[in-house]
Amino acid sequence: MEQIPILELRGVSKYFGDTCALYDINLAIENGEFITLLGPSGCGKTTILRILSGFERASEGDVLLNGNKINAMPPEDRQVNTVFQNYALFPHMTVAQNVGFGLKMQKYANSRIAERVEEVLKRVHLEGLAERMPSQLSGGQQQRVAIARAIINNPLVLLLDEPFSALDFKLRKQMQLEIKHLQRQLGITFVFVTHDQEEAFAMSDRVVIMNEGSIEQIGSSQEIYEEPKNLFVARFVGEINVLEGTVTSVNSGGGLKADVEGVSFNLKARGEFTWGEKVKVLLRPEDLRIYTLPEQTLNPPFFMGRIDESVYKGATVDIMLTLDNGKQLQAAEFFNEDDEDIVYRPGERVQVTWVEGWEVVLGEEDE
Ligand code: ADP
């Protein structure tokens, strides 16, 4: 039997006056998953969270919790809690008072509140700091208090809106691991918002790529990175080379032959293509293979080009090169200590190809 999504948006649109913040959003969130909304600033991520939490109402469409319509249900009845970007801690209350606040409002007995506060502080590794004031905590600790406060009443879903934006790089990385770990332990569904691709990939079971109020693609980090559905997704997650091509033949088996930047290649194609169609061939920098002349002479097809620059980055060497037709490409090779000569010299002549089958081919309508 198929599980009912814990939260679902069906045909949700949201207008603020003339501004369309969301358009026809369909999103089913599975129970227990860690799902991340990723997209540039202003694409509608926070508006989705606010509709899920009940702080905002959809202009059109339905919100379902466990299969039941909750369009008009107030936030406090939803069992959906939010961790805000600025933590929103009460400055005049101790850590314990902040964390227990929700239960106090619900008139729980003081002894029960104290017990529960202790439990959740332990969960977020803050035992011993219960009597501190928020101003006496580091950014990471304040973040944990905000999370403890949001999980104290066992919500079904936790919404996290850019929770690490105030933290420095190292702490951010550490908190990412902690939150992922916590989510696994608790088994609660987490809906996370970020504009940081690495953060999204590191934490999520599924990533939702958003752009201008619409969903562009939903998938695992690997699917999004390796099989982007369009140029927006491809460009938003990591570096990408976009080569121009024209289909010269279509095989019955699904493969294509195309003239790519003036050279004929066989391509792996997923969609339907027709003879003469213009295509874009997408290649990640690490998909490219570079061979220096004269040591290597590849069998065709390959491009001829010239190294512009090669930069040692520790784990990788980043390479900028220009093909003979003027097209500029970025490549990346993993640095191998046995290979002394991996840093190329500017001006060096090279043969360029890619790992067969790693290309993504988009037709004109996928742009
Ligand atoms: P994100 O979280 O991805 O940065 P938001 O959901 O905050 O994006 O915003 C989406 C769009 O809706 C933006 O154009 C924003 O200006 C607009 N918007 C959001 N909230 C309001 C509001 N209360 N009033 C008017 N416009 C809003």
Side-chain angles (χ1 to χ4, degrees), residues 7-29 33-65 70-76 78 80-88 139 143 146-147 150 155 157-167 172 175-176 179 183 189-219 221 224-225 228-238:
L7 264 179
E8 193 177 355
L9 296 178
R10 282 197 196 154
V12 164
S13 297
K14 178 69 189 177
Y15 301 93
F16 295 105
D18 291 340
T19 308
C20 177
L22 295 175
Y23 182 71
D24 193 22
I25 297 289
N26 291 289
L27 177 63
I29 299 168
E33 79 171 326
F34 194 123
I35 192 166
T36 297
L37 309 179
L38 174 67
S41 176
C43 71
K45 305 181 295 291
T46 302
T47 304
I48 287 193
L49 278 201
R50 290 177 60 79
I51 289 173
L52 293 175
S53 63
F55 291 117
E56 205 75 72
R57 273 185 76 167
S59 310
E60 286 160 21
D62 292 320
V63 185
L64 292 92
L65 181 64
I70 55 160
N71 297 9
M73 187 187 275
E76 59 274 20
R78 290 192 179 200
V80 175
N81 290 349
T82 306
V83 177
F84 296 99
Q85 204 170 77
N86 54 8
Y87 318 143
Q143 176 65 76
I147 291 166
V157 181
L158 195 65
L159 310 175
L160 301 104
D161 190 0
E162 302 246 7
F164 308 144
S165 56
L167 306 179
R172 215 178 153 115
M175 286 302 289
Q176 288 169 10
I179 294 279
Q183 190 262 343
T189 309
F190 275 33
V191 185
F192 191 91
V193 160
T194 184
H195 62 271
D196 180 333
Q197 172 235 323
E198 268 189 53
E199 184 162 287
F201 279 14
M203 304 182 74
S204 320
D205 298 316
R206 286 196 303 160
V207 178
V208 180
I209 305 285
M210 294 189 59
N211 180 29
E212 294 183 355
S214 295
I215 293 177
E216 298 279 359
Q217 189 169 353
I218 305 177
S221 306
I224 300 274
Y225 189 77
K229 273 197 182 151
N230 55 43
L231 274 185
F232 176 84
V233 175
R235 290 202 169 111
F236 193 72
V237 297

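We count ligands from 1, going down the list as the structure has it; atoms in each ligand are counted the same way.
- Phe16 has its side chain within reach of Thr47: a pair of non-hydrogen atoms, C-beta onward, lies under 4.5 Å apart.
- Results of the side chain to side chain contact (heavy atoms under 4.5 Å, CB included) test with Met210 over Leu27, Leu38, Ile48 single out Ile48 as the only residue that passes.
- Checked by atom type and distance alone, the side chain of Thr36 never pairs as donor or acceptor with a backbone atom of Val207 at under 3.5 Å.
- With respect to atom 25 (C) of ligand 1, the closest heavy atom belonging to the protein is Phe16 CB, 3.3 Å.
- Judged by the shortest distance from any of its heavy atoms, Ser41 lies inside the 4.0 Å radius around the atoms of ligand 1.
- For atom 10 (C) of ligand 1, the nearest non-hydrogen atom of the protein is Gly42 O, 3.4 Å.
- Atom 15 (C) of ligand 1 is not flagged as protein-proximal [any protein heavy atom, distance under 4.0 Å].
- The closest protein non-hydrogen atom to atom 7 (O) of ligand 1 is Thr46 CB, 3.7 Å.
- For a threshold of 3.5 Å applied to N or O pairs, the pair formed by Glu56 and ligand 1 contains no separation below that value.
- Atoms of ligand 1 found under 4.0 Å from any heavy atom of Lys45 (numbered from 1 in listed order, with element): 1 (P), 2 (O), 3 (O), 4 (O), 6 (O), 8 (O).
- In this structure a side-chain-to-backbone donor-acceptor pair under 3.5 Å is present from Asn71 to Val63.
- Where the criterion is an N or O separation shorter than 3.5 Å, residue side chain and backbone included, Ala21 fails it with respect to ligand 1.
- Closest non-hydrogen pair, Gly11 versus Asp24, comes out as CA-OD1, 3.2 Å.
- Here's the thing with Gly44: one of its N/O atoms is less than 3.5 angstrom from an N/O atom of ligand 1.
- Ring planes of Phe192 and Phe34: tilted class, angle from 30 to 60°.
- Looking only at distances, no side-chain donor or acceptor of Lys14 sits under 3.5 Å from a matching main-chain atom of Thr19.
- Between Thr19 and ligand 1, no N or O atom pair is found at a separation short of 3.5 Å.
- For ligand 1 and Cys43, the ligand atoms under 4.0 Å from any heavy atom of the residue are 1 (P), 3 (O), 8 (O).
- When all heavy atoms of Gly44 and Leu22 are compared, the pair lying nearest together is O-CD2, 3.5 Å.
- The nearest protein atom to atom 6 (O) of ligand 1, hydrogens excluded, is given as Thr47 OG1, 2.6 Å; this is a heavy-atom distance.
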